[in-house]
Amino acid sequence: MIAFVSGPVAALAPDSAVVEVGGIGIAVQCTPGTLAGLRMGQQARLATSLVVREDSLTLYGFADDDERQTFELLQTASGVGPRLAQAMLAVHSPDALRRAVSMADEKALVAVPGIGKKGAQKLLLDLKDRLGAPLGTGPAIGSPVSTGWRDQLQAALIGLGYATREADEAVAAVTPQAEAAEGTPQVGQLLKAALQTLNRTR
(Lines give C-alpha, C1' and ligand atoms only; values in the text may rest on other atoms or scores of the structure.)
Protein backbone atom coordinates (compact mmCIF):
# COMPACT_ATOMS: atom_id res chain seq x y z
CA MET A 1 0.00 0.00 0.00
CA ILE A 2 1.13 3.56 -0.72
CA ALA A 3 0.88 5.28 2.68
CA PHE A 4 1.77 8.78 1.47
CA VAL A 5 3.24 10.76 -1.41
CA SER A 6 5.66 13.64 -1.01
CA GLY A 7 7.03 16.04 -3.59
CA PRO A 8 6.35 19.23 -5.54
CA VAL A 9 2.82 19.80 -6.85
CA ALA A 10 2.98 19.50 -10.65
CA ALA A 11 -0.70 20.08 -11.49
CA LEU A 12 -4.03 20.93 -9.85
CA ALA A 13 -7.58 20.19 -11.02
CA PRO A 14 -11.00 20.63 -9.33
CA ASP A 15 -10.88 17.10 -7.88
CA SER A 16 -7.25 15.99 -8.10
CA ALA A 17 -3.59 16.91 -7.89
CA VAL A 18 -0.43 15.55 -9.49
CA VAL A 19 2.54 15.20 -7.14
CA GLU A 20 5.98 14.57 -8.63
CA VAL A 21 7.67 11.68 -6.85
CA GLY A 22 11.10 10.62 -8.08
CA GLY A 23 10.49 12.01 -11.55
CA ILE A 24 7.05 10.37 -11.85
CA GLY A 25 3.77 12.31 -11.69
CA ILE A 26 1.38 10.60 -9.26
CA ALA A 27 -2.30 11.56 -9.76
CA VAL A 28 -4.15 11.80 -6.44
CA GLN A 29 -7.90 12.30 -5.99
CA CYS A 30 -8.50 14.89 -3.24
CA THR A 31 -11.31 16.75 -1.50
CA PRO A 32 -11.63 20.49 -2.21
CA GLY A 33 -10.44 21.22 1.32
CA THR A 34 -7.21 19.27 0.77
CA LEU A 35 -6.67 20.85 -2.66
CA ALA A 36 -7.10 24.31 -1.13
CA GLY A 37 -3.93 23.75 0.89
CA LEU A 38 -1.81 22.88 -2.17
CA ARG A 39 0.12 25.30 -4.38
CA MET A 40 1.69 24.69 -7.78
CA GLY A 41 5.43 24.04 -7.51
CA GLN A 42 5.44 23.85 -3.72
CA GLN A 43 6.24 20.76 -1.66
CA ALA A 44 3.30 18.70 -0.48
CA ARG A 45 2.88 15.59 1.64
CA LEU A 46 -0.42 13.78 1.34
CA ALA A 47 -1.54 10.72 3.28
CA THR A 48 -2.97 8.31 0.70
CA SER A 49 -5.28 5.35 0.29
CA LEU A 50 -5.08 3.10 -2.78
CA VAL A 51 -8.39 1.76 -4.08
CA VAL A 52 -7.98 -1.27 -6.35
CA ARG A 53 -10.68 -2.22 -8.86
CA GLU A 54 -10.64 -4.73 -11.71
CA ASP A 55 -10.22 -1.97 -14.27
CA SER A 56 -8.47 0.76 -12.27
CA LEU A 57 -6.05 1.78 -9.55
CA THR A 58 -7.07 5.06 -7.89
CA LEU A 59 -5.03 6.89 -5.29
CA TYR A 60 -6.94 9.14 -2.88
CA GLY A 61 -5.04 11.86 -1.02
CA PHE A 62 -5.67 13.52 2.34
CA ALA A 63 -4.32 16.40 4.38
CA ASP A 64 -3.53 14.09 7.32
CA ASP A 65 -3.70 10.51 8.60
CA ASP A 66 -6.95 11.13 10.50
CA GLU A 67 -8.73 12.05 7.27
CA ARG A 68 -7.35 8.98 5.51
CA GLN A 69 -8.36 6.66 8.35
CA THR A 70 -11.87 8.14 8.40
CA PHE A 71 -12.10 7.67 4.60
CA GLU A 72 -11.24 3.98 4.99
CA LEU A 73 -13.60 3.47 7.95
CA LEU A 74 -16.50 5.07 6.08
CA GLN A 75 -16.13 2.47 3.34
CA THR A 76 -16.73 -0.35 5.83
CA ALA A 77 -20.38 0.78 5.90
CA SER A 78 -22.73 -0.94 3.46
CA GLY A 79 -23.16 0.99 0.22
CA VAL A 80 -20.30 3.43 0.81
CA GLY A 81 -17.63 3.43 -1.88
CA PRO A 82 -14.61 5.71 -2.22
CA ARG A 83 -16.50 8.44 -4.11
CA LEU A 84 -19.21 8.76 -1.47
CA ALA A 85 -16.65 8.58 1.35
CA GLN A 86 -14.72 11.40 -0.31
CA ALA A 87 -17.92 13.45 -0.76
CA MET A 88 -18.62 13.05 2.98
CA LEU A 89 -15.15 14.38 3.79
CA ALA A 90 -15.62 17.23 1.32
CA VAL A 91 -18.57 18.47 3.40
CA HIS A 92 -17.51 17.49 6.93
CA SER A 93 -14.22 17.18 8.79
CA PRO A 94 -13.45 13.75 10.32
CA ASP A 95 -14.38 15.02 13.78
CA ALA A 96 -17.63 16.53 12.48
CA LEU A 97 -18.52 13.12 11.02
CA ARG A 98 -17.71 11.41 14.32
CA ARG A 99 -19.87 13.98 16.10
CA ALA A 100 -22.74 13.55 13.62
CA VAL A 101 -22.71 9.76 14.03
CA SER A 102 -22.39 9.87 17.82
CA MET A 103 -25.32 12.32 18.04
CA ALA A 104 -27.37 10.56 15.31
CA ASP A 105 -27.42 13.83 13.36
CA GLU A 106 -29.32 12.76 10.27
CA LYS A 107 -29.37 16.28 8.76
CA ALA A 108 -25.58 16.45 8.73
CA LEU A 109 -25.37 13.35 6.54
CA VAL A 110 -28.23 14.43 4.25
CA ALA A 111 -26.18 17.58 3.49
CA VAL A 112 -23.77 15.33 1.55
CA PRO A 113 -24.65 14.95 -2.16
CA GLY A 114 -25.79 11.38 -2.83
CA ILE A 115 -27.16 10.69 0.66
CA GLY A 116 -30.92 10.78 1.20
CA LYS A 117 -32.90 10.45 4.41
CA LYS A 118 -33.09 6.64 4.34
CA GLY A 119 -29.43 6.38 3.41
CA ALA A 120 -28.49 8.67 6.29
CA GLN A 121 -30.47 6.56 8.76
CA LYS A 122 -28.76 3.38 7.52
CA LEU A 123 -25.31 5.00 7.70
CA LEU A 124 -25.89 6.16 11.27
CA LEU A 125 -26.59 2.56 12.26
CA ASP A 126 -23.67 1.12 10.27
CA LEU A 127 -21.10 3.65 11.47
CA LYS A 128 -22.21 3.93 15.11
CA ASP A 129 -19.49 1.65 16.50
CA ARG A 130 -16.89 2.21 13.78
CA LEU A 131 -15.86 5.87 13.71
CA GLY A 132 -15.31 6.29 17.45
CA ALA A 133 -16.00 9.30 19.66
CA PRO A 134 -15.28 12.90 18.56
CA LEU A 135 -11.80 14.06 19.46
CA GLY A 136 -12.98 17.61 20.07
CA THR A 137 -10.07 19.11 18.16
CA GLY A 138 -10.50 22.01 15.80
CA PRO A 139 -13.77 23.43 14.45
CA ALA A 140 -16.75 21.13 14.08
CA ILE A 141 -16.97 21.49 10.33
CA GLY A 142 -14.29 22.56 7.91
CA SER A 143 -11.26 24.65 8.77
CA PRO A 144 -10.66 28.39 8.99
CA VAL A 145 -9.53 30.02 5.75
CA SER A 146 -8.35 33.61 5.84
CA THR A 147 -8.52 34.53 2.16
CA GLY A 148 -10.08 33.37 -1.07
CA TRP A 149 -13.06 31.58 0.46
CA ARG A 150 -15.21 32.40 -2.58
CA ASP A 151 -12.77 30.70 -4.97
CA GLN A 152 -12.39 27.69 -2.70
CA LEU A 153 -16.14 27.34 -2.22
CA GLN A 154 -16.77 27.55 -5.95
CA ALA A 155 -14.03 24.97 -6.63
CA ALA A 156 -15.53 22.68 -3.99
CA LEU A 157 -19.01 22.85 -5.57
CA ILE A 158 -17.68 22.27 -9.08
CA GLY A 159 -15.60 19.37 -7.73
CA LEU A 160 -18.83 17.86 -6.36
CA GLY A 161 -20.39 17.97 -9.84
CA TYR A 162 -22.35 21.22 -9.89
CA ALA A 163 -22.29 23.50 -12.95
CA THR A 164 -20.34 26.77 -12.79
CA ARG A 165 -23.58 28.77 -12.90
CA GLU A 166 -25.04 26.79 -9.99
CA ALA A 167 -21.82 27.21 -8.03
CA ASP A 168 -21.83 30.99 -8.63
CA GLU A 169 -25.45 31.28 -7.46
CA ALA A 170 -24.74 29.21 -4.33
CA VAL A 171 -21.67 31.33 -3.48
CA ALA A 172 -23.79 34.49 -3.87
CA ALA A 173 -26.49 32.97 -1.62
CA VAL A 174 -24.09 32.31 1.27
CA THR A 175 -22.05 35.53 0.93
CA PRO A 176 -24.15 37.39 3.58
CA GLN A 177 -23.54 34.50 6.01
CA ALA A 178 -19.79 34.61 5.32
CA GLU A 179 -19.59 38.39 5.75
CA ALA A 180 -21.56 38.24 9.00
CA ALA A 181 -19.27 35.60 10.51
CA GLU A 182 -16.84 36.65 13.20
CA GLY A 183 -13.23 36.18 12.18
CA THR A 184 -12.41 34.16 9.08
CA PRO A 185 -15.20 32.35 7.19
CA GLN A 186 -15.05 28.56 7.45
CA VAL A 187 -15.30 27.02 3.98
CA GLY A 188 -16.71 23.74 5.34
CA GLN A 189 -19.64 25.49 7.01
CA LEU A 190 -20.26 27.65 3.94
CA LEU A 191 -20.16 24.57 1.72
CA LYS A 192 -22.85 22.92 3.84
CA ALA A 193 -25.04 26.04 3.59
CA ALA A 194 -24.41 26.30 -0.17
CA LEU A 195 -25.42 22.66 -0.69
CA GLN A 196 -28.65 23.29 1.21
CA THR A 197 -29.52 26.22 -1.10
CA LEU A 198 -28.78 24.08 -4.16
CA ASN A 199 -30.94 21.22 -2.84
CA ARG A 200 -33.83 23.68 -2.38
CA THR A 201 -33.59 25.00 -5.95
CA ARG A 202 -33.39 21.61 -7.60
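Residues: numbered from 1 along the sequence shown.
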Taking side-chain hydrogen bond (donor to acceptor under 3.5 Å, both in side chains) as the definition, give me every residue that meets it alongside [X], ordered by chain and number, with sequence neighbours left out.
X	result
D64	none
T31	T34
R130	T76

Hey, what do you get for [atom1] ([X]) to [atom2] ([Y]), rounding to the nearest 0.5 Å?
X	Y	atom1	atom2	answer
S16	L35	OG	CG	7.0 Å
C30	L89	SG	CG	11.5 Å
E67	T70	CD	OG1	7.5 Å
I2	L46	CD1	CG	12.5 Å
Q29	D15	CD	CG	5.0 Å
E20	I26	CD	CD1	10.0 Å

Determine, using the 4.5 Å side-chain heavy-atom cutoff (strictly less than), whether [X] and [Y] are members of one ILVMFWY cluster.
X	Y	result
M88	L125	no
V18	V28	no
L50	L84	no

List the residues meeting side chain to side chain contact (heavy atoms under 4.5 Å, CB included) with [X], not counting sequence neighbours, and say none if there are none.
X	value
S6	F4, Q43, R45
L73	Q69, L131
A104	L124
A85	F71, L74, Q75, V80

Indicate every side-chain donor-acceptor pair of residues 55-63 with a distance under 3.5 Å to a residue at least two apart or in another chain.
none

Enumerate donor-acceptor pairs with a distance under 3.5 Å from any side-chain N or O in residues 108-116 to protein atoms, sequence neighbours excluded.
none

Looking at side-chain heavy atoms only, is the closest gap between V9 and R39 below 4.5 Å?
no

Inter- and intrachain pairs under salt bridge (charged side-chain N to carboxylate O under 4.0 Å, His left out), touching residues 70-93, at least two apart:
none

Tell me the salt bridge (charged side-chain N to carboxylate O under 4.0 Å, His left out) pairs involving residues 106-123, sequence neighbours left out?
K122-D126

Those residues that, when tested against R53, pass salt bridge (Lys or Arg N to Asp or Glu O under 4.0 Å) (two or more places apart)
none

In plain terms, say whether R165 and D168 are close enough for a salt bridge, that is, a side-chain N and a carboxylate O under 4.0 Å apart.
no

Show your reasoning for whether side-chain contact (heavy atoms from CB on, under 4.5 Å) applies to V174 and Q196.
CA-CA 10 Å; V174 301; Q196 288 172 343; over 6 Å; no

Taking all non-hydrogen atoms of both residues, which atom of [X] and which atom of [Y] are closest, and how far apart?
X	Y	answer
G41	P8	O-CB, 4.1 Å
T197	A173	CG2-CB, 4.1 Å
R68	A3	NH1-O, 2.5 Å

Can L190 and Q177 be said to form a side-chain contact (heavy atoms from CB on, under 4.5 Å), step by step?
CA-CA 8 Å; L190 294 174; Q177 177 182 332; 4.0 Å; yes

